[in-house]
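Below, each value reflects all heavy atoms present in this structure, side chains not excepted, and no hydrogens, waters or symmetry copies.
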Amino acid sequence: MATFVDRVELQVAGGSGGHGAASIRREKFKPLAGPDGANGGRGGDVILEVDASTTTLLSYHHRPHQRATSGGFGKGDLRHGARGEDLVLSVPDGTVITAGDGTVLADLVGIGTRYVAARGGAGGLGNAALATTQRKAPGFALLGEPGQERTLVLELKSVADVALVGYPSAGKSSLIAAMSAARPKIADYPFTTLVPNLGVVEAGQYRYTVADVPGLIPGASEGKGLGLDFLRHIERCHVLVHVLDAASLESSRDPLTDLATIEQELAAYAGSLDEEAGARVPLMERPTVIVLNKTDLPDGTDMAEMVRERLAEREVPVLEVSALSHKGLRELSFVLGELVEAARTEMPEPEVAPIVLTPAAVDAEQFRVVTEQFDGATAFRVQGDKPERWVRQTDFANDEAVGFLADRLAKLGVEDQLLKAGAVAGSTVLIGPSDDAVVFDWEPTMVGGAELLGIRGTDRRMEDNHRPTRDEKREKQRERTEARMNRVAAMEAERRSGHWSDPSVDDETR
């Protein structure tokens with residue numbers, strides 16, 4: 001089973017916002033004391049953070065779907081929903097985050113560096129927040145927005161000072177094991193190293209990291225062998241070390257031919273790399289050291305004598321070492337330390353990127369109406385952040401919430417633009433993205449007779465705030481007294497008339 005993964009496709013989703021609450025406060029002697037529905041909590045974010053203890057992307061290879069916690073629902077008595085917890089995902093130092101189209105979104109270098117991969121959705125407003133002087137008792141609340149969903153590609157590019165490159169079985173793993181505390185797998189067959197190995201070397205006052213890059217073969221820059229899977233691990237190094245096998249068992253190979261082949265593959269790979277190198281030195285211009293390995297063997301000693309003069313013409317350090325007997329390793333460690341220190345000194349100081357604020361233009365359009373075909377007929381689609389967000393926040397099972405949405409759209413000018421675009425009563429209107437749009441038959445807002453309709457979100461029981469004056473109370477008392485006296489006078493007149501009737505006897509039959 002794989003224990004090292006340096007490239008994964010990760011699907012992340014922020015937590016959804018909690019829904020707002022629609023509630024009316026009820027107290028003793030105050031059955032309708034006003035709205036008290038609270039807002040929903042915001043959903044949690046998905047955050048990628050560089051962690052020193054993380055060296056591989058293996059965990060995301062097995063679990064490629066990551067979602068943050070959603071926010072809590074709002075409640076009555078102005079109890080707001082809890083905010084969703086952020087999901088912090090640990091990644092190795094040197095992780096590059098790209099979008100599906102290849103756009104680089106972040107380059108995480110340095111312990112503690114963070115990147116918000118997916119933001120949580122905003123919580124919905126409760127009816128207490130929606131109340132106004134005209135809408136005193138809203139019977140609805142807004143829904144929470146869904147969290148952001150993204151598909152990202154994570155690539156690990158080792159952060160090492162020195163990169164060991166060379167043919168398979170050239171002894172790179174043996175060198176890093178002899179110079180540091182790293183214990184990579186070592187065997188006498190090609191492609192023993194299938195994953196990069198990192199080791200820390202200490203030589204006097206020098207301390208640097210060395211990366212053992214899996215073996216390269218002709219055509220590696222085109223993807224042959226391990227190809228591009230591990231060539232990216234040399235991008236950040238300060239020094240390149242060509243490890244040449246001086247005692248190869250293959251008669252068709254020799255150190256000079258191997259060196260020319262590896263340099264050709266590196267040059268082909270560096271063509272696209274240097275375009276994005278930024279402040280880094282181009283790959284083929286970085287300090288280089290040539291190491292003739294396995295010179296403790298007789299064949300290795302003879303081969304080193306044959307190629308020593310030819311390699312010296314390159315005017316780069318050439319060292320004859322043996323990972324088995326540790327011959328020349330101390331000298332090699334100090335040479336690499338000096339080169340790394342010089343490269344670090346020449347590196348420009350990191351500049352803090354300025355914060356750029358780009359406010360939206362005053363006359364920027366907030367939405368637009370486009371015409372398209374829908375179910376074989378002409379339809380009108382409303383596109384824009386505000387209309388689409390308002391649709392996501394609307395509870396379409398609540399007529400009052402739908403009316404509130406209509407009011408917001410009309411105030412934004414959507415109806416005017418629909419009329420200009422040629423829409424008529426009954427036209428199909430879509431709001432939202434094509435895969436999840438709200439479709440309805442458009443009916444223009446009625447203007448005539450609107451003064452006879454109540455305002456949405458109002459409660460006439462809460463609007464009756466009239467208190468009768470003293471004169472009005474006296475007039476009502478006088479009317480009640482007069483009505484009572486009239487009833488008494490009618491009864492007295494009937495008694496005086498002397499006409500007494502038995503209800504059980506019909507007067508006409510007498």
- prompt: By side-chain contact (heavy atoms from CB on, under 4.5 Å), which residues pair with P146, not counting sequence neighbours?
  reply: S16, R392
message: Just to verify, what does D375 make a side-chain contact (heavy atoms from CB on, under 4.5 Å) with, not counting sequence neighbours?
response: none
- prompt: Is the closest side-chain heavy-atom distance between H242 and E263 below 4.5 Å?
  reply: yes
query: Do the side chain of H80 and the main chain of G74 share a donor and acceptor less than 3.5 angstrom apart?
result: no
- prompt: Of all residues at least two apart in sequence or in a different chain, which pass the salt bridge (charged side-chain N to carboxylate O under 4.0 Å, His left out) check with D258?
  reply: R253
message: Tell me every residue that passes salt bridge (charged side-chain N to carboxylate O under 4.0 Å, His left out) with R67, counting only those two or more places apart in sequence or in another chain.
response: E149
task: Inspect the surroundings of CG in D441 and state if more than 12 heavy atoms from other residues, nucleotides or ligands are less than 6.0 Å away.
output: yes
- prompt: For the residue pair S23 and D36, what are the closest heavy atoms and their distance?
  reply: OG-OD1, 2.8 Å
Side-chain heavy atoms of L332 within contact of V289, under 4.5 Å: yes
- line: Note: I24 and A137 closest approach over all heavy atoms is CD1-CB, 4.4 Å
message: In terms of relative ring orientation, are F334 and Y206 parallel, tilted or perpendicular, with 30° and 60° separating the classes?
response: perpendicular
- prompt: K294 pairs by side-chain contact (heavy atoms from CB on, under 4.5 Å) with which of D245, L324, V321?
  reply: D245
- prompt: Are side-chain heavy atoms of V210 and S180 found at a separation under 4.5 Å?
  reply: no
- request: Kindly write out the residues that satisfy salt bridge (charged side-chain N to carboxylate O under 4.0 Å, His left out) with R330, not counting sequence neighbours, or none if the list is empty.
  value: none
message: Looking at D101 and T103, would you say the former's side chain and the latter's main chain have a donor-acceptor pair under 3.5 Å?
response: yes
- request: Search all heavy atoms of R286 against all heavy atoms of H238 and return the closest pair with its distance.
  value: CB-O, 3.7 Å
Pairwise side-chain contact, L48 with I97, heavy-atom cut-off 4.5 Å (strictly under): yes
Identified side-chain contact (heavy atoms from CB on, under 4.5 Å) counterpart of R7 within the set V153, L57, V96: V153
- prompt: Should V50 and T95 count as side-chain neighbours, where that means a heavy-atom distance under 4.5 Å?
  reply: no
field: Nearest heavy-atom neighbours spanning T113 and V109
entry: OG1-O, 3.0 Å
- prompt: Can you list the residues that meet the salt bridge (charged side-chain N to carboxylate O under 4.0 Å, His left out) rule with D51, with sequence neighbours excluded?
  reply: none
- prompt: Within the side chain of K172, is there an N or O that forms a donor-acceptor pair under 3.5 Å with the backbone of Y167?
  reply: yes
message: Counting neighbours of CD on E49 that are heavy atoms of other residues, nucleotides or ligands and sit closer than 6.0 Å, is the number greater than 12?
response: yes
- prompt: Taking N293 for the side chain and L244 for the main chain, is one N or O donor matched with an acceptor at less than 3.5 Å?
  reply: no
message: Show the nearest heavy-atom pair for residues P387 and L412, with the distance to one decimal.
response: CG-CD2, 3.9 Å
- request: Determine whether the side chains of R119 and Q148 contain a donor N or O and an acceptor N or O closer than 3.5 Å.
  value: no
Any F396 side-chain heavy atom under 4.5 Å of V438 side chain: yes
query: Can you check whether D161's main-chain N or O pairs, donor with acceptor, with T209's side chain at less than 3.5 Å?
result: yes
message: For F140, is there any backbone N or O sitting under 3.5 Å from a side-chain donor or acceptor partner on N127?
response: no
Residue pair P92 / L156: nearest heavy atoms and the distance that separates them: CB-CD1, 3.7 Å
